[in-house]
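Below: one structure, written as structure tokens.
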Amino acid sequence: MEKIFNGKKAAKLGTEKNPAVVEVQTEKRLKEVTSIFEEHGWNYSINLEPDKPENITDLEILLNPPEQKRVEKKIGRNDPCPCGSGKKYKKCCG
């Protein structure tokens, strides 16, 4: 059986340990993408592949990082009911 999690934290994308990998089709696009990486100071590796479709997923992730989810606090059974009745949640709305 193979372990999926090895206990090591993955390096942040765009750093020296985990550079962003991008594939482009044209020389012009290579210059555009390079300038974006240089502007932000990210480490990268760009492959010029005229025969393959463009793949700039890593760049898109760096430009639009996923937002962190906020978790709302759950109401405990013995907490006052949020409806304002003054009763415990378990005796009122729970």
Side-chain angles (χ1 to χ4, degrees):
M1 187 170 166
E2 189 177 323
K3 275 187 158 183
I4 295 172
F5 180 70
N6 64 2
K8 295 180 181 177
K9 185 177 179 183
K12 187 175 177 183
L13 186 63
T15 60
E16 199 172 316
K17 288 186 177 182
N18 187 15
V21 179
V22 175
E23 293 176 356
V24 294
Q25 291 181 323
T26 63
E27 226 16 85
K28 181 182 175 188
R29 186 70 172 139
L30 183 119
K31 290 177 183 176
E32 290 173 6
V33 173
T34 302
S35 68
I36 294 170
F37 279 115
E38 296 290 333
E39 182 181 317
H40 290 89
W42 295 319
N43 286 9
Y44 60 93
S45 170
I46 301 177
N47 301 323
L48 184 60
E49 303 279 348
D51 301 334
K52 292 184 179 179
E54 184 174 275
N55 179 6
I56 59 167
T57 307
D58 285 357
L59 177 59
E60 290 171 352
I61 291 170
L62 286 169
L63 290 173
N64 306 308
E67 292 182 21
Q68 293 182 350
K69 295 180 182 178
R70 304 254 182 227
V71 178
E72 291 184 25
K73 185 180 175 192
K74 290 180 86 176
I75 302 166
R77 288 175 39 89
N78 292 314
D79 292 341
C81 191
C83 75
S85 67
K87 296 180 181 178
K88 288 185 180 183
Y89 179 70
K90 67 181 178 183
K91 295 277 187 178
C92 186
C93 296

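Everything quoted here is computed from the prediction, not taken from an experiment.
Interatomic distance, L30 CG to Q25 CD, rounded to the nearest 0.5 Å: 12.0 Å. Once rounded to the nearest 0.5 Å, the distance linking CD1 of I36 with CG of L62 reads 11.0 Å.
Shown here for I56 and E23, the closest heavy-atom pair between the two residues is CG2-O, 4.4 Å.
V24 and I61 fall within the same hydrophobic cluster, where Ile, Leu, Val, Met, Phe, Trp and Tyr residues are linked whenever their side-chain heavy atoms come under 4.5 Å apart, directly or through other members. No chain of hydrophobic side-chain contacts below 4.5 Å, direct or via other Ile, Leu, Val, Met, Phe, Trp or Tyr residues, connects V21 to L48.
For E32, the salt bridge (Lys or Arg N to Asp or Glu O under 4.0 Å) partners at least two apart in sequence or on another chain are R29.
When side chains are defined from C-beta on, L13 counts as touching N18, because their heavy atoms get closer than 4.5 Å. Residues E49 and N55 form no side-chain contact, since every pair of their non-hydrogen atoms from C-beta on lies 4.5 Å or further apart. In this structure, Y89 and C81 have side chains that are in contact, with non-hydrogen atoms separated by less than 4.5 Å.
Counting only residues at least two apart or in different chains, salt bridge (Lys or Arg N to Asp or Glu O under 4.0 Å) contacts with residues 60-80 are absent.
A perpendicular orientation is assigned to the rings of W42 and F37, their planes being inclined by more than 60° (bins at 30° and 60°).
Side-chain contact check for N78 and K90: at least one donor-acceptor pair (N or O, by modelled atom type) lies under 3.5 Å.
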